[in-house]
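Numbers restart at 1 for each chain; the letters A, B, ... are given by sequence-line order, proteins then strands. Values reported hereafter were calculated over all heavy atoms of this structure, with side chains retained and with hydrogens, waters and symmetry mates removed. Bear in mind that the values here come from a model prediction, so they are computed numbers and not experimental data.
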Number of protein chains: 2
Amino acid sequence: MSFYLHLHIHPKSFYYICGLNKMIKKTELTGVKEIARRANVSIGTVDRVIHNRKGVSDATRQKINLIIEEINYQPNKMASLLASKKILNFAVLIPDISVETDYWTYPLNGIEQAGEEVKQFGITIQYFFYDLHSRDSFNKAAEELLNCNPQAILLAPSFIEESTAMVKRINELNIPLVFINSDLPKQPSLTYIGPELYQSGRLAAQLTSLSIAHEDEIMIINISTDLENDHHLVRKEQGFRTYFNDSKLTNPITTLNIYETHIASVENAVLEALQQNPNVKAFFVTNSRVNIVANILKKHNKTHLLVGYDFLKSNINYLIDGQINFLICQRPKEQGYLAIMALYKYLFNINEPEKAIYMPIDIITKENYQFYNS
Amino acid sequence: MSFYLHLHIHPKSFYYICGLNKMIKKTELTGVKEIARRANVSIGTVDRVIHNRKGVSDATRQKINLIIEEINYQPNKMASLLASKKILNFAVLIPDISVETDYWTYPLNGIEQAGEEVKQFGITIQYFFYDLHSRDSFNKAAEELLNCNPQAILLAPSFIEESTAMVKRINELNIPLVFINSDLPKQPSLTYIGPELYQSGRLAAQLTSLSIAHEDEIMIINISTDLENDHHLVRKEQGFRTYFNDSKLTNPITTLNIYETHIASVENAVLEALQQNPNVKAFFVTNSRVNIVANILKKHNKTHLLVGYDFLKSNINYLIDGQINFLICQRPKEQGYLAIMALYKYLFNINEPEKAIYMPIDIITKENYQFYNS
DNA sequence: TTGTTTTACGTTAACGTACACGTTATGCTA
DNA sequence: TAGCATAACGTGTACGTTAACGTAAAACAA
């Protein structure tokens with residue numbers, strides 16, 4: 001009875017006894033409790049040290065840090081997630097899927113798949129899309145995105161200037177950011193995930209060179225309404241030409257720039273170019289619009305070697321058809337998947353990604369396209 | 001004071017008050033507690049229903065099951081793991097990495113990487129290796145594996161009979177199982193992750209046909225001490241030949257079977273075959289031993305087209321060298337990674353894999369090998 | 001001196017599940 | 001009908017972490 005009376009006067013002693021009970025029951029070897037026990041402090045203090053929060057004297061902090069190293073403390077992720085029950089909101093800003101090209105469906109699929117997998121960890125993904133032809137739409141979407149206070153951002157920085165401005169603001173807010181598909185090398189980011197363009201041009205060149213004779217002529221076709229700003233195409237062309245130089249191959253190579261994307265315009269340009277260069281035996285189209293060229297060649301019963309880019313439905317059809325020989329592709333779906341996973345792993349301290357993750361450069365042909373996206 | 005006195009007499013009432021407090025504080029919408037609240041039972045009973053344990057009346061069981069469906073109850077995996085603090089042990093049974101070929105380092109790397117990522121969820125991986133030349137070693141390793149009572153198994157079933165016997169036992173024990181690299185289609189398993197051999201043979205044929213002239217002869221080389229049992233090689237050859245048939249290509253194709261793997265034996269065989277078939281312009285080696293052929297061709301200053309398999313160091317060297325033109329490869333690292341992840345996702349109810357996951361069939365050349373394994 | 005702020009730390013209630021154990025209620029046997 | 005087994009359910013607590021809250025004591029101000 002005196003025990004219980006004691007309880008009344010100093011309720012705390014009750015807990016002390018509880019504490020004793022627990023200590024008797026258990027001999028912990030890991031975790032914050034063990035750290036606290038060894039340091040003769042409470043787990044609260046340990047927690048403050050672990051999370052670099054203030055309110056701990058330097059001496060205590062040091063002692064605790066020492067113990068943490070000593071026992072090689074690895075926080076229990078499950079307990080941590082359970083306790084913090086924080087909801088992380090990832091924001092994704094990528095081009096919308098236009099009628100013109102369904103390229104971005106693939107990264108989007110990858111993003112969504114990753115989203116499914118990390119959902120259970122309390123991660124939600126919010127999507128923002130912009131029109132690849134409108135800088136305004138990009139700015140508008142970027143603004144909306146930042147208003148949502150995301151904890152992580154995935155960005156496809158198509159417009160360099162506008163993206164740079166946005167990235168500046170993101171970095172001020174200290175939000176982890178990954179680039180996808182194209183890089184802004186000078187802007188700090190967690191990582192870049194996407195293609196290495198120059199090398200893919202070289203690969204296209206190698207494939208071309210293996211399939212044609214020494215004297216055959218080659219034509220590089222760039223199709224873009226905004227060619228000056230499309231450094232993608234330039235890099236690929238550079239890679240292509242350098243390969244031929246490096247390999248001491250003397251095939252004549254001409255470049256055809258087409259600034260309009262309607263079939264009619266491309267058709268005119270290509271036919272005219274072919275008249276002027278009748279010995280051209282192979283075409284290298286530096287982006288996914290290779291299906292337009294395939295269409296034209298088919299219409300005019302031409303059987304040139306045709307190499308282009310990207311696993312799009314319209315391209316695959318011509319691949320099956322035999323009109324396109326090789327498509328070069330850099331795992332668009334995986335890009336999206338890896339980007340989300342990189343953010344997740346970073347925020348959950350699983351690991352930090354490389355500064356740049358270059359996707360493998362895949363060659364798609366009639367005989368392997370079936371297995372490309374499973 | 002009277003309150004504390006009350007506590008003495010009926011200690012429970014203290015908890016009751018606590019309970020009340022909690023109920024006031026919270027309005028839960030998910031989880032066992034909510035189910036218990038709706039069903040007017042305790043969480044203990046709900047727990048029993050969820051885990052199909054006895055001790056619940058049919059009426060109560062039905063009511064609870066109904067509520068579980070109603071609110072679409074998804075157990076919180078983290079809480080569950082934390083509470084049960086069970087350690088899941090995955091067992092891996094794959095060939096060891098011989099001096100002859102380092103192929104299995106790649107799947108192993110993938111497995112280890114996945115292992116790192118799931119470690120935090122209390123998953124450990126135990127490795128068992130067998131000698132590809134010894135069925136006994138397989139049986140021994142399989143026995144050891146089963147003695148460890150793993151909760152999931154990853155198996156590379158190289159020896160069909162022995163593997164089948166093992167799989168039978170695994171299925172009796174009801175342990176989730178995935179096959180990697182080769183399949184046992186008739187044996188039930190969670191999934192198969194690996195190559196589609198026939199199609200990769202077709203792809204090799206396509207690459208070959210694009211790079212040679214119509215009249216050039218082709219030689220298929222199978223190198224294996226146990227060719228009869230190596231259905232891998234047979235399937236690839238079938239694919240290769242079928243492509244030429246389907247494409248109405250008339251290039252003569254001969255097959256050279258070599259039953260010894262020493263360089264000397266292969267050299268003799270190849271040189272002799274070349275004398276008999278002087279018009280051979282291209283070789284297709286149906287497995288990773290293509291580097292042996294490359295070695296021989298280089299030694300004798302031959303510049304035939306050479307297509308083979310697998311991203312091995314010795315093969316890559318000849319790829320850089322130019323002696324090998326194409327390597328076909330089916331993401332060995334990813335196979336290992338995906339296999340572990342499939343088991344993890346299955347056991348954690350994230351999702352169930354497809355019955356068979358065929359890896360993309362990649363083409364590796366001098367110009368893209370750098371980015372293949374990042 | 002007294003009052004106020006700050007520092008440094010302890011305590012405790014969640015988070016959602018699992019399970020050992022205690023308590024009734026019910027049925028069955030001798 | 002006493003005695004006992006067992007079915008059916010409730011209770012308490014552990015799991016490891018987080019973070020809000022509380023509170024001494026120290027530092028400082030008046």
- Query: How many Å lie between CZ on A:Arg48 and C1' on D:dT17, as a whole number?
  - Reply: 14 Å
- Message: Among D:dT17, C:dG16, D:dC9, which nucleotide has an atom closest to any side-chain atom of B:Thr60?
- Response: D:dC9
- Note on the structure: Testing D:dT18, D:dG16, C:dT17 for proximity to the side chain of B:Leu82, the answer is D:dG16
- Query: In whole Å, what is the span from the NE2 atom of B:His51 to the P atom of C:dG16?
  - Reply: 16 Å
- Give a yes/no answer on whether the side chain of B:Ser42 brings an N or O atom under 4.0 Å of OP1 or OP2 in D:dT11. no
- For the pair B:Glu352 and B:Lys345, find out whether any cationic side-chain nitrogen is under 4.0 Å from an anionic carboxylate oxygen. no
- Note on the structure: Ranking B:Val41 and A:Asn76 by the position along DNA chain D of their nearest nucleotide, the one closer to 5' is B:Val41
- Message: I'd like to know if B:Lys140 and B:Glu143 make a salt bridge, using a cut-off of under 4.0 Å between side-chain N and carboxylate O.
- Response: no
- With heavy atoms under 4.0 Å as the rule, sort A:Asp47 into base, sugar-phosphate or nothing. base
- Do NZ/NE/NH1/NH2 and the carboxylate oxygens of B:Arg38 and B:Glu34 come within less than 4.0 Å? yes
- Examine C:dA8: is either OP1 or OP2 under 4.0 Å from a nitrogen or oxygen in the side chain of A:Ser57? Give yes or no. no
- Considering just the side-chain nitrogens and oxygens of A:Lys33, establish if one lies under 4.0 Å of OP1 or OP2 belonging to D:dT17. no
- Note on the structure: Between CG of B:Asn52 and C1' of C:dT17 the distance, given in whole Å, is 16 Å
- Message: What is the separation between atom CD on A:Gln62 and atom P on C:dC9, rounded to the nearest whole Å?
- Response: 12 Å
- Message: Does A:Asn40 reach a base, just sugar-phosphate, or nothing at all? Heavy atoms under 4.0 Å.
- Response: sugar-phosphate
- Message: Applying a 4.0 Å non-hydrogen cut-off, can you work out what A:Ile50 is touching in the nucleic acid: base, sugar-phosphate, or nothing?
- Response: nothing
- From the list B:Leu343, B:Leu154, B:Leu155, side chain to side chain contact (heavy atoms under 4.5 Å, CB included) with B:Val92 holds only for B:Leu154
- Rounded to whole Å, CD1 of A:Ile64 lies from C1' of C:dG10 at a distance of 12 Å
- Message: Base, sugar-phosphate or nothing for A:Lys54? Non-hydrogen atoms, less than 4.0 Å.
- Response: nothing
- Item | Contact under 4.0 Å: A:Thr45 side-chain N or O vs C:dA8 OP1/OP2 | no
- Looking only at D:dA14, C:dG10, D:dT18, the nucleotide nearest the A:Ser80 side chain is D:dT18
- Query: For A:Arg53 and D:dA19, is the shortest distance between a side-chain N/O and OP1 or OP2 below 4.0 Å?
  - Reply: yes
- Query: Could you give the CD1-to-C1' distance, from A:Ile43 to C:dC9, as a whole number of Å?
  - Reply: 12 Å
- Query: If you take all heavy atoms of A:Ile180 and A:Pro157, which pair is closest and at what distance?
  - Reply: O-CD, 3.6 Å
